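Structure first, then comments.
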There are 2 protein chains.
Amino acid sequence: MNQERTLYEKVREDILNGTFDKTEKMTEVKLAKLYEVSRTPIREVLKQLEFEYLVKDGYIYTPSPEDYRNLFEMRILIESHAVEKAVLLFVDEDLKELRNYIKQAKDGDASLTLKANKNFHDKLVRAIRNPFLSETYDRLNSTIYLFSRTVVEKQRPELLDEHEAIVQSIEDRKIDHAKQQIISHLQKDLEFTLYYM
Amino acid sequence: MNQERTLYEKVREDILNGTFDKTEKMTEVKLAKLYEVSRTPIREVLKQLEFEYLVKDGYIYTPSPEDYRNLFEMRILIESHAVEKAVLLFVDEDLKELRNYIKQAKDGDASLTLKANKNFHDKLVRAIRNPFLSETYDRLNSTIYLFSRTVVEKQRPELLDEHEAIVQSIEDRKIDHAKQQIISHLQKDLEFTLYYM
DNA sequence: TATATTAAAAATGTATACATTTAATACGAA
DNA sequence: TTCGTATTAAATGTATACATTTTTAATATA
């Protein structure tokens, strides 16, 4: 398998793993030396990282609680729209896939649970079948990852029950109910994580 | 007043005004010569233009009807959310401002109508008070502009009546009604314009 | 004619030098 | 000291040379 990580992947992972000091400036010259490339590709990477809310004005972006609420408002808007679509489109096989992710999250270790929960939400979003909305959702990937890590590590109560309830509402074709459930689910993730951060 | 347009603004306007041939490649070298700058700032500008769906893979982006439907799905999702917020937040002064834009659109020439209609929708979106969602909406600016131009030039029927009905529903605090009206309004813009493009 | 194959050209990717702007520091006057 | 100003240093912006990749075109072969 291909082990070659792109420069973007390297820098992104280093940020997510807390390698950088949040108070120090991420200057192009410094990063270029660190990763042994020139400033040109570093600039490209910084742009991408700003796009996904990991970097801002040359510093690691440290969103305020207000910022996180706004980012989650965006996430909730997209995911609740997705659930509406899922109610209209998902067939038995899709529901089975969703339940499979819940099971994986239940049985696996933290790392596997993290992946399974991501797969669960990504599967929902794919119900939208709209590349522009998908890209907008993907912009939130890093933010969602950071939240999900806290939620899983600190073992937020009821999380998987909420997932199961959402699947059930989709299966029962209850649009409003399903939407309300995903909204409340994500709001709980938000408040829980804000409390621990 | 400041007349100095940035390179980004120049290229963007030239694209919107149809200066470029949609079939020819927008190579960095060519554009650099044309605008008498080096490739570096041109690359920056091309990235921005890709961000707002005006350029793709070095060509002017010519979305398919399917693409336009997807872009409008995104627009509708944001604007209907905005209207929900407007019902909860807008006071008399805000409603007055909205009605003012309708009046301007009614009385002015095409150019003024275009601006007034943009102001109307921008005012709605500002009800969200979420910089991330605003930025996502702004990404659609060029697309919305191209549609609005057709709608105004070809004088789509009922357009301003629909605006007025939306304001009225906001004033009456009828969330579901107002949302349904903005959705239907935007879908009409979409279908009307697709028909003429 | 259609299809590979390869040579040439032209594009983008990267490194780097230089220009300009912005930030940091040092110094002097109130 | 504190504030303003000048000087310097360091950052980003831009141009450009060179490397690599991609596209085009030309030629040969089925």
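Just so it is clear, the model here is predicted, and its values are computed rather than measured. No hydrogens, no waters, no symmetry mates; every other heavy atom, side chains included, goes into these values. Quick note on labels: first sequence line is chain A, next is B, and so on, each numbered from 1.
Remark: C1' of dG13(C) and CD1 of Ile42(B) are 17 Å apart, rounded to the nearest angstrom. Counting to the nearest Å, the C1' atom of dA11(C) and the CD atom of Glu24(B) are 15 Å from each other. Glu44(A) has its CD atom 8 Å from the P atom of dT14(C), to the nearest Å. Between Asp57(B) atom CG and dT23(D) atom P the separation is 10 Å, expressed in whole Å. When rounded to the nearest whole Å, the span between CD of Glu36(B) and P of dT16(D) equals 12 Å. For Lys33(B) and dA11(C), the NZ to C1' distance is 12 Å, given to the nearest whole Å. The CG-C1' distance, from Leu7(B) to dT14(D), rounds to 12 Å in whole Å. One can place OH of Tyr59(B) at 10 Å from P of dA11(C), the figure rounded to the nearest angstrom.
For the pair Ser38(A) and dT14(C), the criterion of a side-chain N or O lying under 4.0 Å from OP1 or OP2 is not met.
Residues satisfying the salt bridge (Lys or Arg N to Asp or Glu O under 4.0 Å) criterion with Lys47(B), sequence neighbours excluded, are Glu44(A). The side chain to side chain contact (heavy atoms under 4.5 Å, CB included) test applied to Asp172(A) returns Gln168(A), Lys174(A), not counting sequence neighbours. With sequence neighbours excluded, no residue forms a ring-ring contact (aromatic ring centres under 6.0 Å, His included) with Tyr61(B). By the salt bridge (Lys or Arg N to Asp or Glu O under 4.0 Å) test, Lys154(A) is found to be paired with no residue, residues two or more places apart in sequence or in another chain being considered. A search for salt bridge (Lys or Arg N to Asp or Glu O under 4.0 Å) contacts involving Arg39(B) returns Glu28(B), not counting sequence neighbours.
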Enumerate all atom pairs, one protein N or O and one N or O from nucleotides 8-12 of chain D, separated by less than 3.5 Å.
| unit_1 | atom_1 | unit_2 | atom_2 | d |
| --- | --- | --- | --- | --- |
| dT12(D) | OP2 | Glu28(A) | N | 3.1 |

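Shown are Phe72(A), Phe51(A), Tyr68(A), Tyr53(A); of these, the ring-ring contact (aromatic ring centres under 6.0 Å, His included) with Phe132(B) is made only by Tyr53(A).
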